[in-house]
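Let me begin by presenting the structure, written as structure tokens, before commenting on it.
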Amino acid sequence: MTTATTLLAPGATRVVGILNVTPDSFSDGGSWTEVDVAVEHGVRLAAEGAALVDVGGESTRPGATRVDVETELARVLPVVSGLTERGVAVSVDTMRAEVARRSVEAGAVVVNDVSGGLADPQMLRTVASLGCVYVAMHWRGHSATMIERAMYDDVVAEVVDELLARVRAAVVAGIEPDRLVLDPGLGFAKNAEQSWDVLRGVEAIHGIGLPVLWGASRKGMLDPVAPGGPLARDDASVAITTWLATHGAWAVRTHTVAPHVAASAVASKLGRRL
Ligand code: PMM
């Protein structure tokens with residue numbers, strides 16, 4: 001059984017498989033909206049070596065409009081339960097305390113909150129009471145406004161400062177530091193160049209001292225190195241995993257799993273720089 005202790009124990013960079021049960025996510029939207037098909041896909045990701053399957057019911061792509069809580073629950077809960085019944089470790093990708101709580105009750109072991117507790121004032125306290133692992137991502141506002149919030153003097157230093165503020169808020173709310181994971185939020189309130197700057201700043205982000213999850217898979221920042229749309233970005237996504245694993249990332253969140261597991265294993269063999 002996957003517990004916080006096994007999940008966060010030192011080891012090779014984990015792969016978190018993406019399972020968006022949304023009609024409109026930027027690269028896999030609409031592919032997994034049927035519960036059975038979604039569960040089968042999640043089981044396949046786990047069989048390929050995903051340490052977690054991350055189930056999301058609300059698209060966070062730039063410009064996306066929000067769904068209501070009932071819609072999000074209806075999309076996510078049957079898939080969380082179905083995967084849990086099949087022995088797959090699940091994280092739930094949500095900004096809502098209610099969805100986090102119901103998903104953990106249905107078996108999820110991680111709450112992955114792209115807003116780092118900023119979108120829902122109940123989130124941090126709810127997670128503290130649930131006792132699960134919490135991923136706090138760097139975030140400056142909902143999808144509708146995040147492009148205009150991409151203003152930085154020093155993107156790496158500001159992301160580090162803003163993540164540290166989320167750590168303080170999480171700890172004040174009662175989340176134990178050894179259940180916290182951070183994520184610098186590539187593509188969230190960051191243009192492509194700023195996202196590359198954050199990747200180059202990997203040592204500063206990892207220097208915070210908490211496990212770090214990174215999500216570069218198929219994102220628009222890869223277009224300059226892999227033009228042709230989201231599905232043409234998988235090889236570049238794997239290259240980034242090798243870079244991040246070499247630098248001691250805790251995990252990468254990816255659409256394909258097997259090649260990222262291989263990249264992580266290669267980095268492990270070569271030895272880490274941190
Ligand atoms: N990116 C997306 C959604 N959820 N969660 C974390 N922790 N980090 C990310 O970078 C992240 C996320 C958007 O990408 P998707 O539409 O491919 O899921």
Side-chain angles (χ1 to χ4, degrees), residues 13 16 18 25-27 54 56 59-64 93 95 112-119 123-124 134-171 177 180-227 230 233 236-255 260 267 272-274:
T13 298
V16 175
I18 299 173
S25 286
F26 76 98
S27 94
D54 190 39
S59 172
T60 49
R61 73 184 153 73
D93 185 347
M95 293 183 263
N112 170 28
D113 176 5
V114 298
S115 83
L118 290 169
M123 180 61 106
L124 297 178
Y134 181 62
V135 180
M137 200 191 76
H138 177 258
W139 187 84
R140 285 187 165 181
H142 288 288
S143 300
T145 62
M146 71 177 164
I147 294 165
E148 70 211 45
R149 293 176 201 261
M151 306 268 281
Y152 301 86
D153 291 322
D154 178 338
V155 66
V156 175
E158 288 170 55
V159 167
V160 168
D161 281 352
E162 291 168 34
L163 283 174
L164 284 171
R166 300 326 300 151
V167 172
R168 285 191 291 274
V171 171
L180 270 177
V181 171
L182 298 178
D183 183 328
L186 298 173
F188 285 81
K190 292 162 203 81
N191 62 31
E193 259 326 298
Q194 291 161 341
S195 292
W196 283 100
D197 283 341
V198 172
L199 267 178
R200 288 183 204 102
V202 56
E203 291 187 9
I205 307 282
H206 289 179
I208 294 173
L210 288 173
V212 179
L213 167 66
W214 293 80
S217 183
R218 295 186 182 168
K219 286 199 175 155
M221 62 179 290
L222 299 174
D223 188 62
V225 296
R233 298 173 190 154
S237 305
V238 175
I240 288 183
T241 289
T242 310
W243 161 260
L244 290 170
T246 306
H247 287 84
W250 169 69
V252 288
R253 182 180 174 278
T254 62
H255 296 84
H260 295 271
R272 293 173 177 214
R273 284 172 54 181
L274 266 183

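These values consider heavy atoms only, across backbone and side chains, with no hydrogens, waters or symmetry-generated copies.
A salt bridge between R253 and D93 is present, with a side-chain N of the basic residue lying under 4.0 Å from a carboxylate O of the acidic one.
Residues G116 and L124 approach most closely at O-CD2, 4.4 Å, considering heavy atoms. The shortest heavy-atom contact between V212 and P184 is CG1-CD, 3.8 Å. Closest of all the heavy-atom pairs between L186 and A216 is CD1-CB, 3.7 Å. Nearest heavy atom pair, residue H206 against residue L244, reads CE1-O, 4.2 Å. Heavy atoms only, all atoms of each residue included: D197 and R200 are closest at OD1-NH1, 2.6 Å.
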Item to complete: Please test I205 against L182 for side-chain contact (heavy atoms from CB on, under 4.5 Å), starting from the C-alpha separation and ending with a verdict.
Response: CA-CA 9 Å; I205 307 282; L182 298 178; over 6 Å; no
Discussion item. Go through it in stages, so that I can follow the logic: the residues are V171 and L180, the test is side-chain contact (heavy atoms from CB on, under 4.5 Å), and I'd like the CA-CA distance, side-chain angles, deciding distance and then a yes or no.
Written reply: CA-CA 9 Å; V171 171; L180 270 177; 4.2 Å; yes
Worksheet item: Under the side-chain contact (heavy atoms from CB on, under 4.5 Å) criterion, do S237 and L222 qualify, and how do the steps go?
Response: CA-CA 8 Å; S237 305; L222 299 174; 3.4 Å; yes
Worksheet item: Between M137 and L213, does a side-chain contact (heavy atoms from CB on, under 4.5 Å) hold up when you go through it step by step?
Response: CA-CA 9 Å; M137 200 191 76; L213 167 66; over 6 Å; no
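Side chain of Y134 to backbone of G117: a donor-acceptor contact under 3.5 angstrom is found. Between the side chain of R149 and the backbone N or O of R140 there is at least one donor-acceptor pair closer than 3.5 Å. The main-chain N or O of M221 is found under 3.5 Å from a side-chain atom of W196 such that the two form a donor-acceptor pair. For the pair S143 (side chain) and T60 (backbone), a donor-acceptor distance under 3.5 Å is present. Q194 places a side-chain N or O within donor-acceptor distance of the main-chain N or O of A150, the cut-off being under 3.5 Å. Judged by distance alone, the side chain of K219 and the main-chain N or O of S195 form no donor-acceptor pair under 3.5 Å.
Applying the side chain to side chain contact (heavy atoms under 4.5 Å, CB included) test between W214 and each of L199, D183, I240 identifies L199 as the sole match.
Ring orientation note: the planes of Y152 and H138 are tilted relative to one another, at an angle of 30° to 60°. Note: W243 and H247 have tilted aromatic rings, judged against thresholds of 30 and 60 degrees for the angle between ring planes.
D161 is linked by a side chain to side chain contact (heavy atoms under 4.5 Å, CB included) to nothing, counting only residues two or more places apart in sequence or in another chain. Under the salt bridge (Lys or Arg N to Asp or Glu O under 4.0 Å) criterion, R218 pairs with D234, sequence neighbours left out.
If you take CE on M123 and OG on S115, they are separated by 6.0 Å, rounding to the nearest 0.5 Å.
Residues V167 and L163 fail the side-chain proximity criterion, which asks for heavy atoms closer than 4.5 Å. Proximity of L118 to M95: side-chain heavy atoms (C-beta onward) are nowhere separated by under 4.5 Å.
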